[in-house]
Structure formats: C-alpha cells, structure tokens
Amino acid sequence: GQNIDQPTEMTATEGAIVQINCTYQTSGFNGLFWYQQHAGEAPTFLSYNVLDGLEEKGRFSSFLSRSKGYSYLLLKELQMKDSASYLCAVRAPGGATNKLIFGTGTLLAVQP
Amino acid sequence: DAGVTQSPTHLIKTRGQHVTLRCSPISGHKSVSWYQQVLGQGPQFIFQYYEKEERGRGNFPDRFSARQFPNYSSELNVNALLLGDSALYLCASSLGGSSGVLEQYFGPGTRLTVT
C-alpha cells in the first residue's frame, strides 16, 4: 500500500523556524518532493531528495532518511507569505515517470 | 513564456453529465499529467501522457479518460459525473523522458463542482 503522513496543521511566528515532518510507507521509492501550495493556486516545487541527507536552498531545507521512511522540510526566517499548505510527495518507481503520491498536506499559518 | 494553462477555470455540472477539461503545456514540454485534488487533500495521480501515449494511470474508474494531441495539449474527460468528482483538477507538464519529474510544473487548475 501507499501511505504518506503529515501533520494537518501547524502554527508558527514570523521570523521563527518551523519543521514539517513527513513519514512514508510506499511500495518502492524513487525520490521525495516538497511542494508549496497557496490557497486556490497550483502547487509549486520546493525541493527534491533521493539520497539520505540534507538539501539546502535558501530559507528552505529538506532532509531525507530512506531507512526510516522519513523526511522533513525546514523553513527559516518565516515570513507571512510562507502561510500555505506544504505537500510531501513520493515518486513511485517504474511506469509513469511523473507519478507522484502526495500526502494530505500541512497547512502552515504564520502569525505576526 | 506562458506557463501551463487550463480551461475552464471553474465549471458547474449536474450528476450524470459529461465534462471535458483542457490543458496546454509549457512550450517544448511533451509530457502532461493529470491530478485530482479534493478539498483538504493532496493531489491524486490520474494519468500521464508522453508523446501522445498513455504512460501511466492512477486508481480511477473507467469513467475517466484522457488523450494528448499532436501539439502536446491534453484533454481529460469524465463521464457520468458523481458528486464525489467535485474537485480541483490539476494539469502538470514536463519535458518528459529522463528529465521527468524535476521539471514538472502545475497549471492553475480547473475547479469542478458537481451538483
């Protein structure tokens, strides 16, 4: 089966750091993605991990542990515009190269 | 350059009707994928087309079908609409081939409401 778990909602303060966790149990693994989705808009690509470790990109970092089926997205120096839903997605191997299995998303609210 | 475009932006249909959703990929992109996103959930994979051929299908009933045209635009068709088909339908395009998912860009979506 395919199962991706994320917290439903999180709240953080402007300027702070927040970590959004994602655990997955999938039949096969070929990379993990994080997307940001503002209300009423399309998801936009944030990060991609296929090997264990930390990938840093500006204020955003993503970590992967394949043995634990675990990833997190770290957002630093939070800004109000970071209020959005954050989607964790696993790429399934074989078949469709673009098939992503998404979690339900974590709705992050950044407060002043 | 224009991004992925989808039409219509919003649509209201009645149960049992048929609907056609359209997607134009980014210029030069040959792969189009369709996702269904129910309110409060993550997107669910429906189809991928690459070079006009179906390359993958998600766990959706046969009421859902799609095709890709020679200009790489795509249509998603849903027959015999059910209330549960109400969702945001997202189209994503990519170059395709080995470049695959890293260059996948989503369109703004079509919001379908079935009454």
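Chain identifiers are assigned alphabetically (A, B, ...) following the order of the sequence lines, protein sequences preceding nucleic acid strands; residue numbering begins at 1 within each chain. Here the structure is a predicted model, which means the values were calculated and not measured.
Hydrophobic clustering, with ILVMFWY side chains joined whenever heavy atoms are under 4.5 angstrom apart, keeps B/Ile46 apart from A/Leu100. The hydrophobic clustering, which links ILVMFWY residues whose side-chain heavy atoms are closer than 4.5 Å, places A/Phe45 and A/Leu75 apart. Note on A/Ile101: it clusters hydrophobically with A/Tyr24, by side-chain heavy-atom contacts below 4.5 Å among ILVMFWY residues. In the hydrophobic clustering of this structure, A/Tyr48 groups with B/Phe45; members are Ile, Leu, Val, Met, Phe, Trp, Tyr whose side-chain heavy atoms approach within less than 4.5 Å, directly or through other members. Placement of A/Leu64 and A/Tyr70 in two distinct hydrophobic clusters is found when ILVMFWY residues are connected by side-chain heavy-atom separations under 4.5 Å, directly or transitively.
Contacts between B/Tyr35 and chain A at a heavy-atom distance below 4.5 Å involve the side chain alone, from C-beta outward. For B/Glu54, no part sits under 4.5 Å from any heavy atom of chain A, backbone or side chain. Residue contact with chain B, scored on non-hydrogen atoms closer than 4.5 Å, is absent for A/Gln6.
Using a 4.5 Å heavy-atom cut-off against chain A, the contacting residues of residues 106-115 of chain B are B/Phe106, B/Gly107, B/Pro108. Using a 4.5 Å heavy-atom cut-off against chain A, no residue of residues 71-81 of chain B qualifies as contacting.
Separating the CZ atom in A/Phe102 from the CD atom in B/Gln37 is a distance of 8.0 Å, to the nearest 0.5 Å.
Atom CD of A/Glu14 is surrounded by more than 12 heavy atoms from other residues, nucleotides or ligands within 6.0 Å. Heavy atoms from other residues, nucleotides or ligands lying under 6.0 Å from CG of B/Leu83 number more than 12. Within a 6.0 Å sphere centred on NZ of A/Lys57, heavy atoms belonging to other residues, nucleotides or ligands number more than 12. Annotation for A/Leu54: atom CG counts as buried by contact number, over 12 foreign heavy atoms lying within 6.0 Å. Other residues, nucleotides and ligands contribute only 12 or fewer heavy atoms inside 6.0 Å of the CZ atom of B/Arg15.
A/Leu87 and B/Pro43 make their closest contact through CD1-CD, 3.9 Å (heavy atoms, listed as atom of the first residue, atom of the second, distance).
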